[in-house]
Amino acid sequence: MSVSAAQIDVESLHDRFRRAAEAAAAAGVDALLVSPGSDLRYLLGADGESHERLTCLVLPAAGSAAEPALVVPKLEYPGYAGVPTDDLGVHVATWVDGENPHRLVADLLKGPKSVAVSDMMPALHTLAFRDALPDARQSLAGPVLRELRMRKDAGEIAALRKAGAAIDRVHARMTEWLRPGRTEAEVGADIAAAIVEEGHTTADFVIVGSGPNGASPHHGVSDRVIEKGDVVVVDIGGPVPEGYNSDSTRTYAVGVPGFDDVIDTYAVLQAAQQAAVDAAGPGVTAEAVDAAARDVIADAGFGEYFVHRTGHGIGLDVHEDPYIVSGNDLVLEVGMAFSIEPGIYLPGRWGARIEDIVVVTEEGAVRLNTRPHELAVLPS
Ligand code: ZN
Ligand code: ZN
Ligand code: ZN
């Protein structure tokens with residue numbers, strides 16, 4: 001099994017534990033039940049895998065008589081040996097096949113009225129918790145923990161900065177791979193290898209949207225052969241060893257673009273992306289940042305071709321809060337990190353997107369991706 005090693009100092013974890021317990025109390029839940037995934041990694045500095053055997057961090061709300069516990073199958077406990085459970089005051093409760101781990105959690109909590117479970121906890125565990133804790137109302141832990149996870153500390157921002165620099169080095173090498181006569185899949189495989197070479201643990205996603213495929217925002221790769229004159233959307237990212245993710249898009253032209261409208265339309269997109277970066281800062285709402293990009297695109301007549309939100313938060317997950325979207329009146333704060341990635345997608349023809357990760361500072365939004373934003377014209 002794979003448990004990522006802890007790389008966060010005990011003091012930070014201690015602080016996260018305390019704040020999570022307080023946030024749980026403020027949300028009116030008696031305990032958080034955190035299964036393997038990004039929330040567990042955030043709280044414990046280590047992650048594991050969710051499967052039919054229950055692994056669960058039981059984190060009682062502040063003021064509760066119950067103590068924090070890590071319920072883990074005995075055969076998997078060695079993977080968590082690096083977690084500073086003693087320092088964190090976490091009781092380790094191992095269990096073996098044949099025992100009922102959900103009952104074990106119920107015994108530890110002594111009659112909770114409500115529990116918040118990880119957003120991505122498998123249903124086989126949430127339903128087993130319903131049986132083991134019939135009087136406890138279940139809600140999602142995500143809305144509780146996002147109050148912590150949205151506000152990145154210096155170590156987290158350093159990890160995001162490292163991820164940003166690593167993915168920038170991949171974009172800087174695009175001429176090595178992106179050429180006419182090669183398929184998107186061939187180019188994508190080379191990019192994926194480079195994502196790892198440049199310091200990521202894995203290539204989490206690789207989008208090479210050439211020609212008309214660029215007009216499909218979440219196109220992956222295909223066997224389409226890249227042609228001279230194609231506009232190509234390349235959106236790539238993955239985690240660095242600290243667990244924090246990169247995510248950056250640049251749009252390339254393979255030689256002189258094959259459509260007359262590319263240069264002028266791309267200029268609109270570039271202005272929109274810059275407008276959103278300029279608009280972002282402490283005290284500004286997420287939806288105002290979305291509007292800053294959208295207004296530029298709509299004013300130029302392309303509103304209907306910008307078919308997604310302007311951005312998403314990023315951290316241990318590629319997509320997390322805060323979402324930069326119409327209707328989100330969340331006020332941005334120093335330490336929040338998110339993408340600014342407007343796009344213009346012209347069905348059947350071509351598409352373009354520019355994506356940077358930014359972090360909010362007192363002085364405004366600072367880009368963690370610094371590759372040029374101009375349409376990059378590659379040799380053909
Ligand atoms: Zn996306
Ligand atoms: Zn993104
Ligand atoms: Zn992206």
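Whatever order the structure lists them in is the order used to number ligands and atoms, beginning at 1.
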**Message:** I want to know whether Phe129 and His102 have ring centres closer than 6.0 Å.
**Reply:** yes

**Stacked cation flag Arg349 on Phe259, 6.0 angstrom / 45 deg** = yes

**Item:** Those residues that, when tested against Ser380, pass side-chain hydrogen bond (donor to acceptor under 3.5 Å, both in side chains) (two or more places apart)
**Value:** none

**Asked** Can you name the residues that form a side-chain hydrogen bond (donor to acceptor under 3.5 Å, both in side chains) with Glu67, not counting sequence neighbours?
**Response** none

**Complete:** For the Zn ion (ligand 3), the nearest N/O/S atom on Asp235 is atom OD1

**Prompt:** At the Zn ion (ligand 2), what is the angle formed between atom OE2 of Glu355 and atom OE2 of Glu341, rounded to the nearest 10°?
**Reply:** 80°

**Asp247 OD2 and His312 NE2 subtending at the Zn ion (ligand 2) (10° steps)** = 90°

